[in-house]
Amino acid sequence: VSGFEALIRWKHPEFGMIFPDQFLNIASNFKLLPEITEHILNESFCFLESLNNLGINKRISINISVFDLIDESMPEKILSLLKKHNLDS
């Protein structure tokens, strides 16, 4: 294993597993994508930090929306989360 890909799924208590194509457009309509992206980044970096603490150095690929790409605050958010989880930028 050379790395990982972060994938989002919604485990709904009544409807079971819901895939991104079924909920991300709705989340976008309610302007929730920045919060979702930050959650995914935080969870992914937390996972990498856990691996690093075990002496396992791997990479992770994370898909983000075009709205995140044009968000001028996104680089600082990512750097802050990297620092929080003791990961190199």
Side-chain angles (χ1 to χ4, degrees):
V1 174
S2 62
F4 302 92
E5 179 181 11
L7 300 172
I8 187 169
R9 303 291 184 263
W10 178 10
K11 189 174 180 183
H12 191 279
E14 185 178 338
F15 302 114
M17 198 65 68
I18 301 174
F19 294 91
D21 63 327
Q22 297 171 306
F23 69 86
L24 285 181
N25 284 338
I26 296 168
S28 177
N29 290 340
F30 287 96
K31 304 200 183 325
L32 296 172
L33 289 181
E35 289 85 359
I36 291 172
T37 298
E38 190 164 339
H39 175 74
I40 293 168
L41 290 169
N42 189 58
E43 290 296 313
S44 298
F45 295 169
C46 182
F47 174 70
L48 286 180
E49 181 181 26
S50 297
L51 289 179
N52 284 348
N53 290 339
L54 294 171
I56 302 168
N57 186 9
K58 298 295 177 188
R59 295 178 182 253
I60 194 161
S61 297
I62 304 169
N63 294 322
I64 60 175
S65 79
V66 67
F67 301 108
D68 294 321
L69 290 175
I70 61 175
D71 177 358
E72 293 181 6
S73 68
M74 186 54 67
E76 186 56 42
K77 289 176 186 177
I78 292 171
L79 287 172
S80 175
L81 286 170
L82 287 169
K83 188 179 286 189
K84 173 184 172 183
H85 293 288
N86 302 308
L87 300 172
D88 293 332
S89 55

Handout entry: From CG (L41) to SG (C46), nearest 0.5 Å
Key = 12.5 Å

Practice task
Report the distance from atom CD1 of I64 to atom CD of E38, rounding to the nearest 0.5 Å.
Solution key: 12.5 Å

Handout entry: Steps toward side chain to side chain contact (heavy atoms under 4.5 Å, CB included) verdict (I36, L24)
Key = CA-CA 9 Å; I36 291 172; L24 285 181; 4.2 Å; yes

Handout entry: Minimum heavy-atom distance E5-N63, with the two atoms named
Key = OE2-ND2, 3.5 Å

Completion exercise
Closest heavy-atom pair, D68 versus P34, reported as atoms and distance to 0.1 Å, is OD1-CA, 4.1 Å

Problem - Value rounded to 0.5 Å, distance of CD1 in I78 from CG in N42 - result: 12.5 Å

Fill in the blank from the handout: Contacts of K77 meeting salt bridge (charged side-chain N to carboxylate O under 4.0 Å, His left out) (sequence neighbours excluded), chain-then-number -> D71

Practice task
Specify whether W10 and H12 have parallel, tilted or perpendicular ring planes, treating 30° as the upper limit for parallel and 60° as the lower limit for perpendicular.
Solution key: perpendicular

Problem - Atom pair CG/CD of L81 and E43 - distance to nearest 0.5 Å - result: 10.5 Å

Problem - Hydrophobic cluster membership, L7 vs F4, 4.5 Å side-chain cutoff - result: no

Practice task
Would you give the length of the straight line joining atom CG of N52 to atom CG of N57, rounded to the nearest 0.5 angstrom?
Solution key: 5.5 Å

Practice task
With sequence neighbours excluded, tell me which residues meet ring pair (Phe, Tyr, Trp, His ring centres under 6.0 Å) with F19.
Solution key: none

Exercise for the section: State whether the side chain of K58 and the backbone N or O of V1 hold a donor-acceptor pair below 3.5 Å, judged by distance alone. Expected result: yes

Practice task
Provide the closest heavy-atom pair for I60 versus A6 in the form atom of the first, atom of the second, distance.
Solution key: CG1-N, 4.0 Å

Exercise for the section: Tell me whether I40 is reachable from M17 by hopping between hydrophobic residues (I, L, V, M, F, W, Y) whose side-chain heavy atoms are closer than 4.5 Å. Expected result: no

Handout entry: Residue list, side-chain hydrogen bond (donor to acceptor under 3.5 Å, both in side chains) with S50, at least two apart or on another chain
Key = none

Practice task
Measure the NE2-OG1 distance between H39 and T37 for me, rounded to the nearest 0.5 Å.
Solution key: 11.0 Å

